[in-house]
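Dropping a structure here in structure tokens format, bear with me for questions.
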Amino acid sequence: MLEILQDNWLLLLVGQYPHGPMGGLVATLGLAAISLALALPCGVLLALGRVSPLRIFYIPSTALVYFVRGLPLLMFIFWAYFFVPLVIGRPVAGTTTMVVALVCYESAYLAEIIRAGIQALPPGQEEAGRALGLSRMQTMRRIILPQALYNMLPSMLSQFISTVKETSLAYVISVQELTYAANQINTLLLTRPFEVFGLLALTYFFLNLGLTGLVRLAERRIGRRRSARPAPPVVQPQ
């Protein structure tokens, strides 16, 4: 296994770059980061719809979230692969297809994370905002949403870890990410598939282990900031 890594570490890291498209581990992380960054605003809008008292926003948002969460990601990859070229009238790269599928899929999961963060805040937050003369949308934008996003940062980082693993499905549409690079190595060697894909599994494991450490660091930092907040003054009875 070490011999395979020594001979093919560059292919696993960046794919065929600079003689071809960027691939390997860099492409995997790039796909996950870009997809989650684009899915975040969509998730915020869905979360706002999920907590809205207006049925015109609540019902479509809830239906969409449940629909997306009830289907496998592979289904969205195939839909994007065949549907996006029909919409724009020209073929698209596999990377673009995968980003579209991941954005649609991850938006629903981020929406539920953000919704939980909003509903976990005490109701007095919204009441205080309304008492200051802010509208419901202003209260949500200036008071509720910043706190919810900050509190749910560890959960959103955990979702990034899941997204990193989900990028391996891009292999089915020939996106040159980490799994695709491992399959190229296996095709060259032919007789050592267990070692090649064992190396792939270890790469994913240590990558996600490191990202999990970042999640725990974020959780501890948020916990310290919460504990450092001064306690509200106690009003003594007259």
Side-chain angles (χ1 to χ4, degrees), residues 31-88 92 95-167 169-170 215 218-219 222 225-226:
L31 270 174
I34 292 171
S35 300
L36 212 63
L38 294 175
L40 181 58
C42 300
V44 169
L45 292 176
L46 284 173
L48 293 177
R50 291 276 284 131
V51 298
S52 174
L54 302 177
R55 296 173 66 85
I56 191 174
F57 297 125
Y58 175 78
I59 293 176
S61 300
T62 302
L64 183 59
V65 167
Y66 276 86
F67 176 75
V68 172
R69 285 164 60 91
L71 295 176
L73 173 59
L74 189 60
M75 187 76 68
F76 286 91
I77 295 173
F78 287 142
W79 281 348
Y81 185 76
F82 294 110
F83 183 68
V84 173
L86 290 177
V87 172
I88 65 176
V92 296
T95 302
T96 304
T97 299
M98 191 63 191
V99 168
V100 171
L102 281 173
V103 168
C104 294
Y105 195 73
E106 297 301 330
S107 295
Y109 286 87
L110 287 176
E112 288 298 274
I113 291 172
I114 297 168
R115 177 193 62 80
I118 292 172
Q119 294 181 334
L121 293 174
Q125 298 278 346
E126 183 174 355
E127 295 170 3
R130 301 303 292 272
L132 291 173
L134 300 177
S135 66
R136 177 179 173 82
M137 185 54 67
Q138 289 174 325
T139 302
M140 183 64 68
R141 181 169 57 89
R142 297 183 182 182
I143 299 176
I144 304 297
L145 201 54
Q147 295 183 78
L149 291 176
Y150 180 75
N151 291 339
M152 301 311 290
L153 182 60
S155 297
M156 289 190 285
L157 290 175
S158 295
Q159 192 61 35
F160 176 72
I161 296 173
S162 298
T163 307
V164 168
K165 292 183 289 185
E166 289 162 355
T167 58
L169 291 175
V215 172
E219 287 176 343
I222 291 174
R225 291 195 61 174
R226 284 176 176 169

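Index from 1, following the sequence.
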* Taking the side chain as C-beta and beyond, is there a heavy-atom pair between Met152 and Ile114 under 4.5 Å? ->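 Result no, sub-4.5 Å side-chain heavy-atom pair not found.
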* What class does the angle between the rings of Trp79 and Phe67 fall in, given that below 30° is parallel, 30 to 60° is tilted and above 60° is perpendicular? ->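 If you compare the ring of Trp79 with that of Phe67, the planes turn out parallel.
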* Asked: What side chain to side chain donor-acceptor pair (under 3.5 Å) pairs are there with at least one residue in residues 40-68, not counting sequence neighbours?
  ->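 Counting only pairs at least two positions apart or across chains, the side chain to side chain donor-acceptor pair (under 3.5 Å) contacts touching residues 40-68 are Arg50-Thr62, Arg50-Glu112.
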* Exercise: identify the closest heavy-atom pair between Val84 and Val100 ->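 Looking at all heavy atoms of both residues, the closest pair is CG2-CG1, 4.0 Å.
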* Asked: Taking all atoms of both residues into account, what is the closest heavy-atom pair of Val99 and Ser35, and its distance?
  ->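 Where Val99 meets Ser35 most closely, the heavy atoms are CA-OG, 3.8 Å.
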* Derivation and outcome, side-chain contact (heavy atoms from CB on, under 4.5 Å), residues Phe76 and Val68 -> CA-CA 9 Å; Phe76 286 91; Val68 172; 3.9 Å; yes
* Return the minimal non-hydrogen interatomic distance between Ala111 and Ala47, and the atom names on each side. => O-CB, 3.4 Å
* Asked: Checking Thr167 side chain against Val164 main chain: does a donor-acceptor pair fall under 3.5 Å?
  -> yes
* Structure fact -> The reported gap from CG in Asn151 to CD1 in Ile118 (rounded to nearest 0.5 angstrom) is 11.0 Å
* How many angstroms lie between OG1 in Thr97 and CZ in Phe82, if you round to the nearest 0.5 Å? ->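 The CZ atom of Phe82 is 10.0 Å from OG1 of Thr97, to the nearest 0.5 Å.
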* Asked: Does atom CG of Leu54 have more than 12 heavy-atom neighbours, drawn from other residues, nucleotides or ligands, at distances under 6.0 Å?
  -> yes
* Rounded to the nearest 0.5 Å, how far apart are CD1 of Ile59 and CG of Leu64? ->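 Ile59 atom CD1 to Leu64 atom CG measures 13.5 Å (nearest 0.5 Å).
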* Asked: CG of Leu38 to CG of Leu102: how many Å apart, nearest 0.5 Å?
  -> 10.5 Å
* Test Leu40 against Met156 for side-chain contact (heavy atoms from CB on, under 4.5 Å), laying out the working first. => CA-CA 9 Å; Leu40 181 58; Met156 289 190 285; 3.8 Å; yes
* Identify the heavy atoms of Ala218 and Leu157 that sit nearest to each other, and give their distance. =>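 In this case the closest contact between Ala218 and Leu157 is CB-CD1, 3.9 Å.
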* Asked: To the nearest 0.5 Å, what is the distance between CG (Leu36) and OG (Ser107)?
  ->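 It comes to 9.0 Å.
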* To do: Hey, could you give me the CZ/CG distance between Phe57 and Leu45, rounded to the nearest 0.5 Å?
  => 10.5 Å
* Asked: Heavy atoms, side chains only, cut-off 4.5 Å: are Leu31 and Thr163 in contact?
  ->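 A side-chain contact under 4.5 Å is absent here.
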* To do: Looking only at non-hydrogen atoms, find the nearest pair between Val215 and Pro154 and report the distance.
  =>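 Where Val215 meets Pro154 most closely, the heavy atoms are CG1-O, 3.7 Å.
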* Which residues pass the side-chain hydrogen bond (donor to acceptor under 3.5 Å, both in side chains) test with Gln159, sequence neighbours left out? ->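 By the side-chain hydrogen bond (donor to acceptor under 3.5 Å, both in side chains) rule, Gln159 matches Glu106.
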* To do: Measure the shortest side-chain to side-chain distance between Val44 and Leu48 over non-hydrogen atoms and say whether it is less than 4.5 angstrom.
  => yes
